[in-house]
Peer 1: 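This is the structure I want to talk about, given as structure tokens.
Residue numbering restarts at 1 for every chain, and letters A, B, ... go by the order of the sequence lines.
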Number of protein chains: 2
Amino acid sequence: MITVLVVGTGNVATHLYNAFFNIDNINVSQISSRNLKNIPNTDVTIIAVSDDAIAEVSSKINNPFVVHTSGSISMKNLQNSTRKGVFYMLQTFTKEKKVDFKKVPFCLEAEHKDDLKILKKLAKTLGNSIYTIDSNQRKALHVAAVFVNNFTNHLYKIGHDICLTHNVPFKVLHPLIQETSNKIMSLPPIKAQTGPAIRNDTKTIKNHLTLLEEQQQKIYKILTKSIQDSLNR
Amino acid sequence: MITVLVVGTGNVATHLYNAFFNIDNINVSQISSRNLKNIPNTDVTIIAVSDDAIAEVSSKINNPFVVHTSGSISMKNLQNSTRKGVFYMLQTFTKEKKVDFKKVPFCLEAEHKDDLKILKKLAKTLGNSIYTIDSNQRKALHVAAVFVNNFTNHLYKIGHDICLTHNVPFKVLHPLIQETSNKIMSLPPIKAQTGPAIRNDTKTIKNHLTLLEEQQQKIYKILTKSIQDSLNR
């Protein structure tokens with residue numbers, strides 16, 4: 001039996017609490033970070049609050065082993081005087097949408113080997129993809145995630161805008177979007193690159209630019225240049 | 001019975017020929033665009049050659065109805081003196097990989113209504129998603145495809161580079177990439193946007209920039225600005 005306390009009431013905290021609640025060998029409780037009285041003493045205390053609140057919340061907790069769930073905050077940012085660790089799940093959590101934890105990569109870190117073992121044990125009750133990732137690696141992962149998730153979604157948004165402007169249904173692009181994301185499962189992205197930029201098809205590039213608004217043009221140009229530069233390395 | 005001639009020997013031509021070959025009511029043949037003697041006379045002639053060659057190849061064909069398969073070339077670019085049309089499939093075709101035509105959107109155009117009907121009939125033998133798209137719409141679609149496919153793949157490549165530099169396995173990001181592309185099936189991309197840019201989390205943005213190379217920084221900045229500008233519209 002592992003006893004777990006989840007501190008926080010946001011998306012990550014609630015999804016995590018609900019998931020642990022269904023596991024036999026885990027005894028989980030949840031409290032709000034605004035009410036830190038009578039804190040249950042547990043084996044693992046998971047602080048799932050906004051990045052800015054982690055230091056303050058952790059400073060008020062005396063439980064033996066405290067971890068946070070942030071991708072961009074260092075383990076040392078925890079201000080508890082007891083043992084520290086990180087329990088980072090690299091996935092976007094949406095309130096309404098059920099999380100399939102089997103597909104979530106768990107990125108774990110701890111000051112002590114035995115604590116890392118506990119975190120692994122805990123993660124294994126929910127998922128299959130478990131990685132030991134230190135604070136520097138996690139920071140890099142977080143930036144990489146911004147590119148492949150946040151920025152990619154913004155490119156979808158630009159595609160959506162172009163379709164709107166020219167009266168084309170965006171759903172025509174759905175299968176291509178799926179195919180593009182599926183390809184990287186079997187092919188490194190550098191080898192999956194296609195399109196006018198990598199072919200250096202200046203005629204098509206010129207034609208495309210005439211169809212775009214100013215900011216779309218800037219983005220088109222810088223990404224085209226970056227694709228072409230990647231060829232010359 | 002529809003008789004079809006595929007002109008060309010590249011990826012699109014070969015995938016298309018193989019697909020039609022298995023359809024009962026279609027009689028398909030294939031020729032190289034370099035050998036335009038004894039051209040079989042068919043109901044539909046599909047020119048599947050590189051964009052630059054479309055005008056010249058079509059000028060040498062006297063068959064009654066000639067279409068090309070390009071996303072970026074106008075129907076009027078065809079130089080046959082007979083009827084014209086476009087049979088554009090919006091998907092990336094890779095030589096080694098089998099194409100699931102059921103998932104391919106067919107974007108069709110023709111000068112005459114009856115020809116459009118023939119193209120629809122032809123497309124329906126292979127696929128389910130069939131759209132009537134004129135040359136201007138198709139050009140817009142082609143630019144939008146560059147954003148959601150070619151540029152998105154390049155963002156994956158940058159994510160891959162960051163992982164390499166910081167010694168993190170790229171596959172940790174695979175589930176996030178899948179989730180991001182799945183989201184747009186049910187949510188418009190503007191509503192699916194998450195991350196430091198849209199939260200205006202200047203601290204995280206600053207931290208991220210320190211981890212990036214010069215060109216990655218430029219791309220990070222311009223996409224962050226574009227995300228933030230999209231809020232103010």
Peer 1: For A:F106, enumerate each residue passing the ring-ring contact (aromatic ring centres under 6.0 Å, His included) test, keeping only those at least two apart in sequence or located in another chain.
Peer 2: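 Counting only residues at least two positions away or on another chain, A:F106 forms a ring-ring contact (aromatic ring centres under 6.0 Å, His included) with A:F87.
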Peer 1: Look up atom CD1 in A:I23 and atom NZ in A:K124, then write down how far apart they are to the nearest 0.5 Å.
Peer 2: 14.5 Å
Peer 1: Do any N or O atoms from the side chain of B:K218 and from the backbone of A:I222 form a donor-acceptor pair under 3.5 angstrom?
Peer 2: no
Peer 1: For the side chain of B:E109 and the backbone of B:V86, is there at least one donor-acceptor N/O pair under 3.5 Å apart?
Peer 2: no
Peer 1: Heavy-atom distance under 4.5 Å to chain A: side chain of B:Y131, backbone, both or neither?
Peer 2: side chain
Peer 1: Within the side chain of B:T14, is there an N or O that forms a donor-acceptor pair under 3.5 Å with the backbone of B:N11?
Peer 2: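 No; judged by distance alone, with no hydrogens or angles, the pair does not exist.
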Peer 1: Taking all heavy atoms of B:S33 and all of B:V49, pick out the closest pair and write down the distance.
Peer 2: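 Between these two residues, the closest heavy atoms are CB-CG1, 3.8 Å.
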Peer 1: Output the distance between atom CD (B:E213) and atom CG (B:D161), rounded to the nearest 0.5 Å.
Peer 2: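 Result: 7.0 Å between the selected atoms.
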Peer 1: Please rank B:S181, B:P105, B:S72, B:C163 by heavy-atom pairs under 4.5 Å with chain A and give me the top one.
Peer 2: B:S181
Peer 1: Do you know which of A:C107, A:S129, A:G159 has the most heavy-atom pairs with chain B at a distance under 4.5 angstrom?
Peer 2: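 Most heavy-atom pairs under 4.5 Å with chain B: A:G159.
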Peer 1: Can you tell which part of B:N149 gets under 4.5 Å to a heavy atom of chain A, answering side chain, backbone, both or neither?
Peer 2: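 It is both, since atoms from each part get that close.
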Peer 1: Heavy-atom distance under 4.5 Å to chain B: side chain of A:L223, backbone, both or neither?
Peer 2: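 Contact with chain B: backbone and side chain both.
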Peer 1: Quiz question: by atom type and distance under 3.5 Å, do the side chains of A:H68 and A:S58 form a donor-acceptor pair?
Peer 2: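 No.
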Peer 1: Where on B:L212 is there a heavy atom nearer than 4.5 Å to chain A: the side chain, the backbone, both, or neither?
Peer 2: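 Contact with chain A: side chain only.
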Peer 1: Does a sphere of radius 6.0 Å around NZ in A:K113 hold more than 12 heavy atoms from other residues, nucleotides or ligands, not counting ones at 6.0 Å or beyond?
Peer 2: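 12 or below, so no.
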Peer 1: Measure A:T224 against the heavy atoms of chain B and call it side chain, backbone, both or neither at under 4.5 Å.
Peer 2: both
Peer 1: At under 4.5 Å between heavy atoms, what parts of residues 138-145 of chain B are in contact with chain A? List them by residue number.
Peer 2: B:K139, B:A140, B:L141, B:H142, B:V143, B:A144, B:A145
Peer 1: Can any side-chain N or O of B:T152 pair as donor or acceptor with the backbone N or O of B:F147 at less than 3.5 Å?
Peer 2: yes
Peer 1: Chain A heavy atoms under 4.5 Å from B:H160: which part of the residue, side chain, backbone, both or neither?
Peer 2: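 Side chain only.
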Peer 1: Tell me if the CD atom of A:Q217 is crowded by more than 12 foreign heavy atoms within 6.0 Å.
Peer 2: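 Correct, the count exceeds 12.
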Peer 1: Does A:E56 have more than 12 heavy atoms from other residues, nucleotides or ligands lying within 6.0 Å of its CD?
Peer 2: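 Atom CD in A:E56 is not crowded, with 12 or fewer foreign heavy atoms closer than 6.0 Å.
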Peer 1: Could you check whether atom NZ of B:K206 has more than 12 heavy atoms from other residues, nucleotides or ligands sitting under 6.0 Å from it?
Peer 2: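 At most 12 heavy atoms, drawn from other residues, nucleotides or ligands, come within 6.0 Å of this atom.
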Peer 1: Between the side chain of B:Q228 and the main-chain N/O of B:K225, is any donor-acceptor distance below 3.5 Å?
Peer 2: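 Checking the backbone N and O of B:K225 against the side chain of B:Q228, no donor-acceptor pair under 3.5 Å is found.
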Peer 1: Where on B:L211 is there a heavy atom nearer than 4.5 Å to chain A: the side chain, the backbone, both, or neither?
Peer 2: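 Interface part for B:L211: side chain.
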Peer 1: Quick check on the structure: residues of residues 166-180 of chain B within a heavy-atom distance below 4.5 Å of chain A, by number.
Peer 2: B:H166, B:N167, B:V168, B:P169, B:F170, B:K171, B:V172, B:L173, B:H174, B:P175, B:L176, B:I177, B:Q178, B:E179, B:T180
Peer 1: Decide whether A:D51 and A:S70 meet the rule of one side-chain donor and one side-chain acceptor closer than 3.5 Å.
Peer 2: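 Yes, a side-chain donor-acceptor pair sits under 3.5 Å.
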Peer 1: Where the side chain of B:D115 meets the backbone of B:E111, is there a donor-acceptor pair that is under 3.5 Å apart?
Peer 2: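 Not a single qualifying donor-acceptor pair exists.
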Peer 1: Any donor and acceptor pair, going by atom type alone, linking the side chain of A:K84 with main-chain N or O of A:V67 inside 3.5 Å?
Peer 2: no
Peer 1: Heavy atom to heavy atom, less than 4.5 Å: which residues from residues 182-204 of chain A reach chain B?
Peer 2: A:N182, A:K183, A:I184, A:M185, A:P189, A:I190, A:A192, A:Q193, A:T194, A:G195, A:P196, A:K203, A:T204
